[in-house]
There are 2 protein chains.
Amino acid sequence: MVDNANTTETQIFDAALRVFHKKGLAGARMQEIADEAGINKSMLHYYFRNKEQLFSQVFFQSFRKFMGSVLPILNEPNTWEEKIPVVIEHYTQVMQGNPHLALFVINELRQNTDGFSSFIKDNPLLNTVFVAQLKQAMQNGEIRTVQPMQIWLTITSNIIFPFITEPMLKMTINFHDSDWDGFIADRKKIIADMLLLYLKNS
Amino acid sequence: MVDNANTTETQIFDAALRVFHKKGLAGARMQEIADEAGINKSMLHYYFRNKEQLFSQVFFQSFRKFMGSVLPILNEPNTWEEKIPVVIEHYTQVMQGNPHLALFVINELRQNTDGFSSFIKDNPLLNTVFVAQLKQAMQNGEIRTVQPMQIWLTITSNIIFPFITEPMLKMTINFHDSDWDGFIADRKKIIADMLLLYLKNS
DNA sequence: GTCTATATCCAGATAGAC
DNA sequence: GTCTATCTGGATATAGAC
């Protein structure tokens, strides 16, 4: 099988992803993407026709990575309680590997709600095994009755928000880089402990 | 005293604030700001010289509203326990009154870390009465020992993140507008309860 | 202070040689 | 497929009349 991982097209795509993630659709420049890819600007148009289409491809891959990558975890055959730290660990690693991903997706989605809504609607988040397990545990009286969406938002807010405000945090307080890693490590445990304690205490 | 609230200059500033909040620095257009203010485009340059300066003024006011407005609350002479729901309520109202504020500040700050750092550093967040009270309670063994920054991030993440992802949430699940208000009302109580439970359970 | 007209620049996109 | 050169539209900014 031929390795197509390093074709011109993928080089452009990877460069575009980096630039769009950092600058957004409005702030990105085709010239900068070309420079980042180390090729000529016309090549962008040759392979992707125009800026809009190049952006679309980057956006949809990013959206899937941000929203879709967690679904398999939520549908695994372990307990809801076991899933929580796994989800936290998952998002931590996604954020660490793609520092601009979350803010990019949130931002572009906010500005172009209409354009993407057809692609995105019917997100199966609320139909996962995880949510079914939570509802069951609530019915059984094992945990407090709360909207599953509140639980989901508690998990994601607590782990994603620190990353998107990371530059601000490092600026306003004196975080050294070594402190940051420890801070995130602590945070993973705190979030899981806090949520479990809340759910089980009725 | 003369009322200067409706001068051309303030009309421009208010219009610029709305447009910059929605579109960001890179996405905003001077023409759109002029249209929004109902005046001629040259007026923007007459009063604010150029786009950069107009943006700066908008940004710094927004930053103060986002970060600075909570400081008085944290320094009031009530207990740390009383402050928590007040802070949550405060941020809820700021978000509801300025739907684009948080994402705007987070975003522009991320893209121009250097440009604003001198203005922003030495944020007195960690020197507030609130943080002093938390440390004291930890020393007394009244609450669990955690970095105050973890507590602060738990409060802000849980209440701000849902607002900045609001369009996404309304898109991916079926939130009707009436549900949303109830969801936020529930959320305020959940966050406070969850955090207090966690802190007091050692 | 407010407007119209215009200068200047820059980014996206295309034409066409190789 | 890849490059250089160029076109075109749009956005910031200025000049200058009133």
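To find a chain, count down the sequence lines: A is the first, B the second, and so on, and within it residues start at 1. We use all heavy atoms of the structure for the numbers below, so side chains are in, but hydrogens, waters and symmetry mates are not.
- Applying the side-chain hydrogen bond (donor to acceptor under 3.5 Å, both in side chains) test to B:S62 and every residue at least two apart in sequence or in another chain returns B:H21.
- The salt bridge (Lys or Arg N to Asp or Glu O under 4.0 Å) check on A:K23 picks up A:E32, with sequence neighbours excluded.
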Could you pull out all donor-acceptor pairs under 3.5 Å where a side-chain atom in residues 95-106 of chain A meets a protein atom, sequence neighbours excluded?
unit_1, atom_1, unit_2, atom_2, d
A:N98, ND2, A:V94, O, 3.0
A:H100, ND1, B:R110, NE, 3.4

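- Partners of B:K189 by salt bridge (Lys or Arg N to Asp or Glu O under 4.0 Å), not counting sequence neighbours, listed by chain and number: B:D193.
- A straight line from NE2 of A:H45 to P of C:dT14 spans 6 Å, rounded to a whole angstrom.
- With sequence neighbours left out, the side chain to side chain contact (heavy atoms under 4.5 Å, CB included) criterion links A:D181 to no other residue.
- Applying the salt bridge (Lys or Arg N to Asp or Glu O under 4.0 Å) test to A:K135 and every residue at least two apart in sequence or in another chain returns nothing.
- Spacing between atom CD of A:Q53 and atom P of C:dG12 amounts to 15 Å, rounded to whole angstrom units.
- Qualifying side chain to side chain contact (heavy atoms under 4.5 Å, CB included) partners for B:N112, counting only residues two or more places apart in sequence or in other chains: B:F116.
- Heavy atoms of A:F48 sit nowhere under 4.0 angstrom from any nucleic acid atom.
- Running 5' to 3' along DNA chain D, contacts with non-hydrogen atoms of chain A at under 4.0 Å begin and end at D:dG1 to D:dT4.
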request  = Give DNA chain D the dot-bracket treatment, 5' to 3': Watson-Crick (N1-N3 with N6-O4 or O6-N4) or G-U (N1-O2, O6-N3) under 3.5 Å, [ ] crossing, | other strand.
outcome  = ||||||||||||||||||
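- For residues 68-89 of chain B, every residue pair satisfying the side-chain hydrogen bond (donor to acceptor under 3.5 Å, both in side chains) rule, not counting sequence neighbours, is listed here: B:S69-B:H90, B:N78-B:K83, B:T79-B:E82, B:E81-B:K200, B:K83-B:Q133, B:E89-B:Q93, B:E89-B:K188.
- A:D35 and A:Q31 share a side-chain donor-acceptor pair at under 3.5 Å.
- The list of side-chain hydrogen bond (donor to acceptor under 3.5 Å, both in side chains) pairs with a residue in residues 41-60 of chain A, not counting sequence neighbours, reads A:N40-A:S42.
- As a whole-Å value, the separation of A:L44 CG from C:dA13 P is 10 Å.
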Could you list all N or O pairs between the protein and nucleotides 5-11 of chain C that sit under 3.5 Å apart?
none

